[in-house]
Amino acid sequence: MDTLSSPDFIDNRNLKLFGGVLLLFFFWFIMSMPTNTHTFFYNDKIGSVITKDIETTNKYLLQLIDKCTGSTMILDSVGKRMKDKVEEQRKLIVAEFNGDGPTSKRGNGVKIGEHLNIINGILNSSIQQDSHYNSTDPQILSKYHAQINAALASALRTHTISDKTVKNSKVAKAKLEAMNDSIQDHLSVGIVSEDEIKQVEKLLTDGYNIIATNKQFVDFDSKTDDKEVYTKENGDTRTKRMASVIDVFFVDFLHGKYPASFWYYVILSILVDVAAFIFFDIAFKKQDNVY
């Protein structure tokens with residue numbers, strides 16, 4: 001309005017005023033308002049996000065620990081198919097040895113050698129047929145069982161949860177639990193420090209990496225986007241993502257990932273900006289009056 005009432009002549013005064021207002025609004029909408037909204041939201045919610053992030057990560061780490069320490073070997077899809085094929089051939093070997101196969105001949109016959117060759121192809125092993133052909137000695141069958149078991153166990157090592165993974169999962173889970181205790185203590189008296197947030201981000205990243213590497217053994221909650229979050233290549237933890245204005249406001253909020261309560265922070269940001277503009281305008285006019 002000051003520009004319009006000025007006695008000085010300005011070319012295209014209305015157009016330039018409109019352009020200036022438009023640029024100001026654009027800057028406010030793209031930079032100021034989202035940044036302030038994110039600041040209010042981040043300071044209010046970062047504690048609960050960290051708590052939930054640790055809780056969810058530890059839940060999946062515990063799955064890896066429990067599955068490996070159980071009595072049943074947990075296999076991925078490739079390992080399961082491999083084991084099923086080998087067990088099918090094992091049954092055929094037993095049937096042939098006992099005279100229940102297609103040839104109806106008992107003992108260490110030609111068909112058993114064929115089945116052993118199939119198993120060697122599946123497991124990349126080198127089990128040899130016993131030289132006592134057509135023998136019905138049960139010790140030969142026992143030897144086949146032992147050799148098949150050893151070759152199968154060796155081949156399945158890369159298709160199950162390793163001991164190293166279990167150890168790393170236990171360490172990561174213990175560190176996150178200890179950090180969570182510290183976080184809760186600080187939340188009870190105030191806000192978590194940025195140094196502590198960086199520490200928990202590193203621990204969470206370690207946990208995310210373990211889970212992503214062993215994703216085939218994790219039962220992700222189908223009602224959430226956990227699988228996408230934990231297995232995304234070069235993805236951020238939920239805690240780290242909270243620090244990004246672009247991710248929080250322009251991606252998650254504008255795509256409806258936050259509840260309607262997020263509008264509280266948007267409105268609060270707008271009110272703060274409007275109040276700041278009014279106070280600035282008042283202070284500027286007082287300064288003009290002094291002169």
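What you see is a predicted model; the values in this text were computed from it and never measured. Starting from 1, each residue takes its place in the sequence as its number.
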**Message:** If the condition is side chain to side chain contact (heavy atoms under 4.5 Å, CB included), which residues does Thr51 pass it with, not counting sequence neighbours?
**Reply:** Asn180, Gln184, Leu187

**Message:** Please report whether the ring centroid of Tyr230 lies less than 6.0 Å from that of Tyr208.
**Reply:** yes

**Complete:** Sorted by chain and residue number, the side chain to side chain contact (heavy atoms under 4.5 Å, CB included) partners of Gln199 (sequence neighbours excluded) come out as Met179

**Asked** In terms of hydrophobic clustering (I, L, V, M, F, W, Y; side-chain heavy atoms under 4.5 Å; direct or indirect links), are Val110 and Ile119 co-clustered?
**Response** no

**Message:** Students often mix this up, so state it plainly: with edges at 30° and 60°, are the rings of Phe249 and Phe253 parallel, tilted or perpendicular?
**Reply:** tilted

**Asked** Considering residues, nucleotides and ligands other than Lys240, do more than 12 of their heavy atoms fall under 6.0 Å from its NZ?
**Response** no

**Item:** Any donor-acceptor pair under 3.5 Å from Asn214 side chain to Phe217 backbone
**Value:** no

**Residues Asp226 and Tyr60: side-chain donor-acceptor under 3.5 angstrom** = yes

**Asked** Rounded to the nearest 0.5 Å, what separation is found between the CG atom of Leu64 and the CG atom of Asn168?
**Response** 10.5 Å

**Request:** Answer yes or no: is there a side-chain heavy-atom contact under 4.5 Å between His255 and Phe250?
**Result:** no

**Prompt:** Charged N to carboxylate O below 4.0 Å: is that the case for Asp247 and Lys257?
**Reply:** no

**Asked** Would you call Lys198-Glu201 a salt bridge at under 4.0 Å N-O?
**Response** no

**Pair Asp252 + Arg241: basic N to acidic O under 4.0 Å** = yes

**Message:** For the CZ atom of Phe262 and the CG atom of Leu254, what is their distance to the nearest 0.5 Å?
**Reply:** 8.5 Å

**Item:** Under 3.5 Å: donor-acceptor pair, side chain of Gln216, backbone of Ser77
**Value:** no

**Request:** Could you state whether Met31 and Val266 fall into the same hydrophobic cluster, counting links through intermediate Ile, Leu, Val, Met, Phe, Trp or Tyr residues with side-chain heavy atoms under 4.5 angstrom apart?
**Result:** yes

**Request:** Drop me the distance from Ile148's CD1 to Ile127's CD1, to the nearest 0.5 angstrom.
**Result:** 5.0 Å

**Item:** Closest non-hydrogen atom pair between Thr37 and Ser269, with its separation
**Value:** OG1-CB, 3.2 Å

**Request:** Evaluate the side-chain proximity of Val248 to Tyr42: yes if any heavy-atom separation is below 4.5 Å, no if none is.
**Result:** no

**Message:** Does either side chain, that of Asp53 or that of Thr239, offer a donor lying less than 3.5 Å from an acceptor on the other one?
**Reply:** yes

**Prompt:** So, Gln129 side chain and Gly109 main chain: donor-acceptor pair closer than 3.5 Å or not?
**Reply:** yes

**Fill in**
Closest heavy-atom pair, Asp130 versus Lys143, reported as atoms and distance to 0.1 Å, is OD2-NZ, 2.6 Å

**Request:** Indicate, with yes or no, if Ile161 and Leu62 share a hydrophobic cluster defined by side-chain heavy-atom contacts under 4.5 Å among Ile, Leu, Val, Met, Phe, Trp and Tyr.
**Result:** no

**Item:** Where Lys173 and Leu61 come nearest, the two heavy atoms and their spacing
**Value:** N-CD1, 3.9 Å

**Message:** If the threshold is 4.0 Å, N to carboxylate O, is there a salt bridge linking Lys91 and Glu88?
**Reply:** no

**Prompt:** Is the closest basic N to carboxylate O distance between Lys59 and Glu55 below 4.0 Å?
**Reply:** no

**Request:** Find out if a path of hydrophobic residues (ILVMFWY) with successive side-chain heavy-atom gaps under 4.5 Å connects Ile112 to Tyr133.
**Result:** no

**Prompt:** Does Thr237 reach the side chain of Val229, with side-chain heavy atoms less than 4.5 Å apart?
**Reply:** no

**Request:** Starting from the C-alpha separation in whole Å, work towards a yes-or-no answer on salt bridge (charged side-chain N to carboxylate O under 4.0 Å, His left out) for Arg238 and Asp225.
**Result:** CA-CA 11 Å; Arg238 286 191 171 101; Asp225 61 349; 2.8 Å; yes

**Met82 and Leu75, any side-chain heavy atoms less than 4.5 Å apart** = no

**Request:** Check the surroundings of atom NE2 in His145: do more than 12 heavy atoms from other residues, nucleotides or ligands lie under 6.0 Å from it?
**Result:** yes

**Request:** Look at atom CG of Asp181 and say whether more than 12 heavy atoms of other residues, nucleotides or ligands are closer to it than 6.0 Å.
**Result:** yes

**Asked** Would you find more than 12 non-hydrogen atoms of other residues, nucleotides or ligands less than 6.0 Å from Lys52 atom NZ?
**Response** no

**Complete:** Tightest non-hydrogen contact, residues Ser169 and Ile210, listed as OG-CG2, 3.4 Å

**Message:** If the threshold is 4.0 Å, N to carboxylate O, is there a salt bridge linking Asp163 and Arg157?
**Reply:** no

**Prompt:** Are Leu92 and Leu123 co-members of a hydrophobic cluster defined by side-chain heavy atoms under 4.5 Å apart?
**Reply:** no

**Request:** Could you please spell out the steps behind the side-chain contact (heavy atoms from CB on, under 4.5 Å) verdict for Asn108 and Tyr144?
**Result:** CA-CA 11 Å; Asn108 185 34; Tyr144 288 152; 2.8 Å; yes

**Ion pair check, Asp84 and Lys80, cut-off under 4.0 Å** = no

**Asked** Does a side chain donor of either His115 or Glu96 reach within less than 3.5 Å of an acceptor in the other side chain?
**Response** no

**Request:** Please name the pair of heavy atoms, one in Ala212 and one in Thr231, separated by the smallest distance, quoted to 0.1 Å.
**Result:** CB-CA, 4.3 Å

**Message:** Within this structure, what is the OG1-CG distance for the pair Thr39 and Asp44, rounded to the nearest 0.5 Å?
**Reply:** 12.0 Å

**Message:** Go through it in stages, so that I can follow the logic: the residues are Asn134 and Arg106, the test is side-chain contact (heavy atoms from CB on, under 4.5 Å), and I'd like the CA-CA distance, side-chain angles, deciding distance and then a yes or no.
**Reply:** CA-CA 7 Å; Asn134 299 321; Arg106 296 184 70 246; over 6 Å; no

**Message:** Once rounded to the nearest 0.5 Å, what's the spacing between atom CD1 of Ile54 and atom CG of Leu203?
**Reply:** 8.0 Å

**Request:** State, yes or no, whether a side-chain contact exists between Phe40 and Val272 at a heavy-atom distance under 4.5 Å.
**Result:** yes

**Message:** When you compare the side chain of Lys85 with that of Gln89, does any pair of heavy atoms fall below 4.5 Å?
**Reply:** no

**Shortest non-hydrogen separation from Lys45 to Tyr265 and the atoms involved** = CE-OH, 3.2 Å

**Distance, nearest 0.5 Å, that separates OG of Ser193 from CD1 of Ile197** = 7.0 Å

**Request:** Side-chain contact test, heavy atoms from C-beta onward, threshold under 4.5 Å: evaluate it for Glu228 versus Phe220 and give yes or no.
**Result:** no

**Request:** State, without any angle test, whether Glu196 and Ser182 hold a side-chain donor-acceptor pair at a distance under 3.5 Å.
**Result:** yes

